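Worksheet: the structure to be examined is printed underneath.
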Amino acid sequence: MKKTINVLKYLLLLAVSVFLMAYALRSINFSAVKAELSQANYFWVAVTLLVSVAGYVSRAIRWRMQYAPLGYKPKVMQAYHALMVGYLANVVLPRAGEVIRCTLLRQSSGIPVNVSLGTVITERVIDLLMLLSCMGITLLLEFDRLKDFFLEIFSEKFHGLEQNLQTLYVLAAVAVFGTGAMIWFVYRNIAKLRQNTFFKKLSAFVRGLWQGISSVARMEQKGAFIFHTVFIWLTYYLGSYLAFFALPGTSGLSWQAGMAILVVGGLGMSAPVQGGIGVYHILVRTALLLYAVPLDKGMAYALITHTTGALLVVLMGGISLVAGLGQTKGKDQPARQVA
């Protein structure tokens, strides 16, 4: 039954991706897109891919640093291979990669999956904060340009937005009430629950999860952790900006435009569809319209950046999958050294 649900979930998300991609290609002059891509300077494409590789390695190093306060010391290559296999899995099924990379690291280094999931949650929170920071910087830099664009959208959609907000308020109230009721139930029945086998396993899982989440607060190398965090997002920015030079239609764009594409591209890749397919293309081509880049040329940019990035993930993820499977470690040999 679970397998059937997973297959249906995959097919549904795939259908959504196909629909969004078809929508993104709607009204596109394919001859113009082909002409733009035929003039691509693949030197700059190669540079952006090398920058991406540097970002992946930095992310693996940063992830490894999160385990030090917990007494675990996985090797950098173990963290890197698990990370890349996770990215590869996300191309097929969104968010599945987070669990898969934690499972692979468990096999190679003996670190419990729940602890690794805690570090991944922390990682995602930090990434969200960085994305929000980039959004704030972009709004400050391009306020006049973005103001008219968003005012036009909201003036057309205000009534629908108001209705959606009312629905959101109701759902939020239900969520708060449900959470409060659940906490009250657990508090009233804590003595009985502690005798329940499932509750014991759940408690142990949550404790391990919290260990991973709180690892950053106990980290000794906070400076290095911050450095890698900034460096990772610098590679994201450079990947967006340097790719401008790969195509004639975007080669004259400013560094501020690179910030805007970093933000909208990040939002697109965060969408719960395979590899951000469709969503990324729609957001990026729309954002480039603000910089007087025609729709066809904007689509060419979105296609070349997304496709080459996805191929890089498939290549590196495939290599890491083969290499990672060769690093499996027995369950009785956890990579833990407690001081």
Side-chain angles (χ1 to χ4, degrees), residues 49-93 95-128 130 208-236 239 269 309 312-339:
L49 294 180
L50 288 175
V51 168
S52 296
V53 172
Y56 292 143
V57 173
S58 180
R59 185 175 283 275
I61 294 173
R62 189 187 70 169
W63 189 28
R64 178 180 180 270
M65 293 172 61
Q66 291 179 256
Y67 291 104
L70 307 175
Y72 296 103
K73 296 184 178 180
K75 297 177 181 178
V76 173
M77 291 309 297
Q78 290 174 333
Y80 168 79
H81 288 319
L83 177 72
M84 293 313 302
V85 172
Y87 281 146
L88 177 62
N90 280 336
V91 173
V92 180
L93 189 62
R95 305 283 78 87
E98 317 302 355
V99 177
I100 289 175
R101 69 154 148 157
C102 295
T103 302
L104 188 60
L105 192 63
R106 167 69 182 90
Q107 293 174 348
S108 63
S109 65
I111 300 175
V113 172
N114 56 339
V115 173
S116 290
L117 283 174
T119 64
V120 171
I121 290 173
T122 302
E123 181 182 277
R124 288 291 172 252
V125 170
I126 292 172
D127 285 340
L128 176 61
M130 290 298 294
L209 199 66
W210 176 247
Q211 284 184 335
I213 293 173
S214 61
S215 62
V216 174
R218 293 177 283 161
M219 187 181 298
E220 294 182 1
Q221 297 178 304
K222 289 186 175 65
F225 186 86
I226 294 173
F227 167 80
H228 281 288
T229 299
V230 174
F231 180 77
I232 290 166
W233 279 83
L234 177 62
T235 63
Y236 290 164
M269 295 304 293
L312 178 67
V313 167
V314 170
L315 174 62
M316 296 178 64
I319 294 173
S320 290
L321 178 61
V322 175
L325 292 176
Q327 293 183 343
T328 55
K329 188 172 186 178
K331 293 182 179 180
D332 297 330
Q333 305 175 40
R336 183 169 190 170
Q337 299 179 17
V338 181

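Here the structure is a predicted model, which means the values were calculated and not measured.
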Can you name the nearest heavy-atom pair linking [X] to [Y], along with the distance?
{"X": "H81", "Y": "L104", "value": "O-CD2, 4.0 Å"}
{"X": "T103", "Y": "V113", "value": "CA-CG2, 4.0 Å"}
{"X": "L105", "Y": "P74", "value": "CD1-CB, 4.3 Å"}
{"X": "Q221", "Y": "M65", "value": "O-CE, 3.3 Å"}

What distance do [X] atom [atom1] and [Y] atom [atom2] have between them, rounded to the nearest 0.5 Å?
{"X": "S109", "Y": "Q78", "atom1": "OG", "atom2": "CD", "answer": "5.0 Å"}
{"X": "I232", "Y": "I61", "atom1": "CD1", "atom2": "CD1", "answer": "9.0 Å"}
{"X": "T119", "Y": "L117", "atom1": "OG1", "atom2": "CG", "answer": "7.5 Å"}
{"X": "R64", "Y": "I111", "atom1": "CZ", "atom2": "CD1", "answer": "9.5 Å"}
{"X": "H228", "Y": "L234", "atom1": "NE2", "atom2": "CG", "answer": "13.0 Å"}
{"X": "L49", "Y": "M316", "atom1": "CG", "atom2": "CE", "answer": "10.0 Å"}

Heavy-atom check, side chain of [X] versus side chain of [Y], under 4.5 Å:
{"X": "L312", "Y": "V53", "result": "yes"}
{"X": "S58", "Y": "T235", "result": "no"}
{"X": "K73", "Y": "Y67", "result": "no"}
{"X": "W63", "Y": "V120", "result": "yes"}
{"X": "D127", "Y": "W233", "result": "yes"}

Single hit among R101, M269, E98 for side-chain contact (heavy atoms from CB on, under 4.5 Å) with N90 =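 Exactly one option meets the side-chain contact (heavy atoms from CB on, under 4.5 Å) with N90, and it is E98.
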Report yes or no: do R106 and S116 form a side-chain donor-acceptor pair below 3.5 Å?
->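 Side-chain D/A pair, R106 to S116: absent.
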Quick one: list whatever passes side-chain hydrogen bond (donor to acceptor under 3.5 Å, both in side chains) with S52, sequence neighbours left out.
->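 Once residues adjacent in sequence are excluded, S52 has no partner under the side-chain hydrogen bond (donor to acceptor under 3.5 Å, both in side chains) criterion.
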Partners passing side-chain hydrogen bond (donor to acceptor under 3.5 Å, both in side chains) against Y87 (at least two apart in sequence or in another chain) = R59
Polar side-chain atom of T229 near backbone of F225 as donor-acceptor pair, under 3.5 Å = yes
Ring pair (Phe, Tyr, Trp, His ring centres under 6.0 Å) against Y80, all qualifying residues, sequence neighbours excluded = none
